[in-house]
K.L.:
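Dropping a structure here in structure tokens format, bear with me for questions.
We count ligands from 1, going down the list as the structure has it; atoms in each ligand are counted the same way. The structure displayed is predicted, hence computed values, not measured ones. Numbering of residues begins at 1 and proceeds along the displayed sequence.
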Amino acid sequence: MDLRQLKKEAENRISLIKNTSDLEKWRIKYLGRKSVLSLFFNSLSKLPLIEKRKQGQEANAIRQLFSSLYKKKREGLETNFSFSSDFIDITQPGEKIHQGHLHPLTLILRDITDSFQKMGFSIIEGPEIETEYYNFDALNIPASHPARDMWDTLWIKSKAKNQKSKMLLRTHTSPMQVRYMETNQPPFRIIVPGKCFRYEATDASHEIQFHQIEGLMVGENISLSNFKAIIEEVVKDIFKQQVSVRFRPNYFPFVSPGVEVDIKLKQKTRNKKQDTNEWLEIMGAGMVHPDLFKRVGYATNRWQGFAFGLGVERIAMIKYHIDDIRLFFSSDIRFLEQF
Ligand code: FA5
């Protein structure tokens with residue numbers, strides 16, 4: 001038997017093989033019990049010892065070569081198979097797609113601003129770093145005024161030499177009332193959403209940083225009834241149900257009269273803890289004080305207006321049944337994933 005011929009033939013054939021079933025046929029033909037090589041081994045016993053040893057060694061080397069050719073080819077075919085680009089193993093568990101979503105405060109801010117926009121309000125933005133003048137003095141709260149205690153302030157150390165007014169992180173969005181009126185003429189209606197900061201101890205309903213939406217509508221014959229009608233419409237739109245609104249007298253130096261606005265949901269919410277008979281305070285408001293109009297040069301006998309400052313977290317807490325304001329900025333993924 002010509003072992004060299006056998007070797008050449010086997011090498012040729014294996015190089016053309018493209019799948020595992022052809023490879024199995026090759027294995028049976030060249031390495032199986034009835035293969036030419038096996039029969040050759042059987043026939044060796046008849047040969048003289050020296051010849052047996054010589055041919056045996058040669059045949060053994062060929063068998064080892066065939067075994068390694070077979071092993072390599074099989075590995076090659078299996079690797080190609082599992083990594084081929086068009087192969088999809090449908091038995092593998094799918095990869096979970098992580099869907100991003102909006103923060104609850106972004107959701108509620110969008111809801112509230114959308115509602116006011118539907119009622120013709122424009123959205124204005126103001127600076128988070130304010131002067132003492134706009135945050136306090138221009139709003140009838142001079143340094144000596146006891147009402148300053150209502151707004152615990154984070155002051156900013158400034159190195160600017162010619163600076164007339166001290167700098168602070170705004171404690172409310174109300175400074176935008178005077179800022180806007182200084183450069184715009186009535187009639188107008190605006191809202192100012194934004195961050196506010198207070199130097200306060202935090203608890204379940206107070207944060208050091210929170211959001212307000214300031215509102216200001218100035219025109220002829222504007223009254224608190226206009227304000228009530230607008231707020232009733234907005235809260236109905238936000239909570240998607242009938243909501244009762246009530247005013248309680250309150251004091252803010254930049255409005256007269258001043259009120260606190262409470263709401264009461266008519267339908268039961270999902271949260272059993274939240275009683276529908278409960279009045280919940282959502283904002284401070286009132287008729288713009290004539291001093292502010294005088295400060296910006298508006299004729300007080302012609303123009304009237306209302307202003308309000310809405311606590312955004314407060315609305316989100318009612319709508320989404322959140323019982324601790326500190327959750328909003330906790331970055332707790334278990335909380336955030338619920339929205
Ligand atoms: C004011 O800040 C007034 N500027 C509101 C105003 C505007 C009155 C225009 C009249 C005219 P007050 O301090 O009550 O008012 O805050 C208004 C709302 O902001 C509160 O009802 C509450 O919802 C929210 N708020 C106040 N302090 C905090 C705090 N530390 N954490 C979270 N929300 C707060």
K.L.:
Report yes or no: does Ser165 contribute a side-chain atom to a donor-acceptor pair with the main-chain N or O of Tyr133 at less than 3.5 Å?
P.N.:
yes
K.L.:
Is the ring centre of Tyr180 less than 6.0 Å from the ring centre of Phe188?
P.N.:
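That pair passes the under 6.0 Å test.
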K.L.:
I'd like to know if Lys228 pairs up with Glu232 as an ion pair, taking the criterion as any Lys NZ or Arg NE/NH1/NH2 lying under 4.0 Å from an Asp or Glu carboxylate oxygen.
P.N.:
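Looking at Lys228 and Glu232, the cut-off is met.
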K.L.:
Kindly compute the distance separating CG (Asp332) from CD (Gln338), expressed to the nearest 0.5 Å.
P.N.:
9.0 Å
K.L.:
Can you work out which protein residues put a heavy atom within less than 4.0 Å of ligand 1?
P.N.:
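Its neighbours under 4.0 Å (heavy atoms only) are Trp151, His172, Ser174, Gln177, Arg198, Glu200, Ser205, His206, Glu207, Phe210, Gln212, Glu214, Phe252, Phe254, Val255, Glu281, Ile282, Met283, Gly284, Ala285, Ala307, Phe308, Gly309, Gly311, Arg314, Ile325, given by chain and number.
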K.L.:
Salt bridge check, Arg179 against Glu130: does any charged N sit closer than 4.0 Å to a carboxylate O?
P.N.:
yes
K.L.:
Under 4.5 Å side-chain heavy-atom separation, chaining through any Ile, Leu, Val, Met, Phe, Trp or Tyr, what else clusters with Leu169? Say none if it is isolated.
P.N.:
Ile129, Leu154, Ile156, Met167, Phe197, Tyr199, Ile208
